[in-house]
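Each ligand, and each atom within it, is numbered from 1 in the order the structure gives.
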Amino acid sequence: MKIYRTSNYLEMSRTAAMILAAQIQLKPDCVLGLATGSTPIGTYEELVRLHRLGYLDFSGVRSANLDEYRGLDRENEQSYYYFMQHHLFRHINISPENTFIPDGSQQDPDKECARYEQTLKQLGGVDLQILGLGHNGHIGFNEPADTFPKATHCVSLTRSTIEANRRFFEKEEDVPRQAYTMGIGTILQAKKILLLVSGSDKADILKEVITGPVTPQVPASILQFHPDVTVIADEAALARLDA
Ligand code: F6R
């Protein structure tokens, strides 16, 4: 694991965007694995800025998102589909038919998860995967568990994730209880992984992820076994690693 320390969130976002931009320059038809949540918003803003300046062409880029709430359709403003349109896709020249996200409106989990795995296979795998980190160590919606889930699957969200995501919804009852997510096996197939982490509230879990035992109780700890992971984290998030 390489660790890239930045002074703050803005610098973390710019660093991540530069790495994504380099990936697109090197392979214009690359497959980017994308995440939602608060962490990558600054990275997406920077990508939009570089695109508007004429430095970044997304016309050949393909993207695959990590996850989506089960039960929310694309028009729902809390869906990850909507998030991606709002923060990135509608501001750049990526073709809509080149963007892939699990379909939250599909009620049959087995069918939808198999379909999404097939989509990822047809894309030829992810070249560069962006990940955020949950307070409980989750990546995608792979929650702490007794085993590492292999493929895309339907998951019941833990109480801590429901509470963490509550800030995006009007009432806690509105937070969906289930999601479709790439599995840990799916994530590990990405050629390169960027784990973005910001803020003192992630310092304890980041230390466990990087230096603790590899265990499905801390799903992101499995990244220790991937050959090409770069952690881009700000000082606040790395504070417990200094100790
Ligand atoms: C979202 C995702 C989640 C988030 C994680 C951190 O697509 O995969 O694992 O990355 O919950 O969320 P934030 O960035 O909001 O702290």
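Within the 4.5 Å cutoff, side-chain heavy atoms of His153 are placed close to those of Asn142.
By the side-chain contact (heavy atoms from CB on, under 4.5 Å) test, Ala21 is found to be paired with Leu50, Leu56, residues two or more places apart in sequence or in another chain being considered. Residues passing the side-chain contact (heavy atoms from CB on, under 4.5 Å) test with His91 are Val48, Arg52, sequence neighbours excluded.
At under 3.5 Å, a nitrogen or oxygen of Ser38, whether backbone or side chain, sits near a nitrogen or oxygen of ligand 1. Ligand 1 has a nitrogen or oxygen under 3.5 angstrom from a nitrogen or oxygen of Gly140.
Taking the six-membered ring where tryptophan is involved, the planes of Tyr80 and Phe83 are perpendicular, since the angle between them exceeds 60° and thus also 30°.
The residues Arg159 and Glu172 are annotated as salt-bridged, a charged nitrogen and a carboxylate oxygen being separated by less than 4.0 angstrom.
Atom 6 (C) of ligand 1 has its closest protein heavy atom at Leu133 O, 3.4 Å. At the top of the distance list for atom 10 (O) of ligand 1, counting protein heavy atoms only, stands Gly132 CA, 3.3 Å. The protein non-hydrogen atom at the shortest distance from atom 2 (C) of ligand 1 is Asp67 OD2, 3.3 Å. The nearest heavy-atom contact from the protein to atom 16 (O) of ligand 1 is Lys202 NZ, 2.8 Å.
Residue contacts with ligand 1: Met182 is excluded, as none of its non-hydrogen atoms falls under 4.0 Å.
The closest heavy-atom contact to atom 5 (C) of ligand 1, among the options Met84, Glu68, His138, comes from His138.
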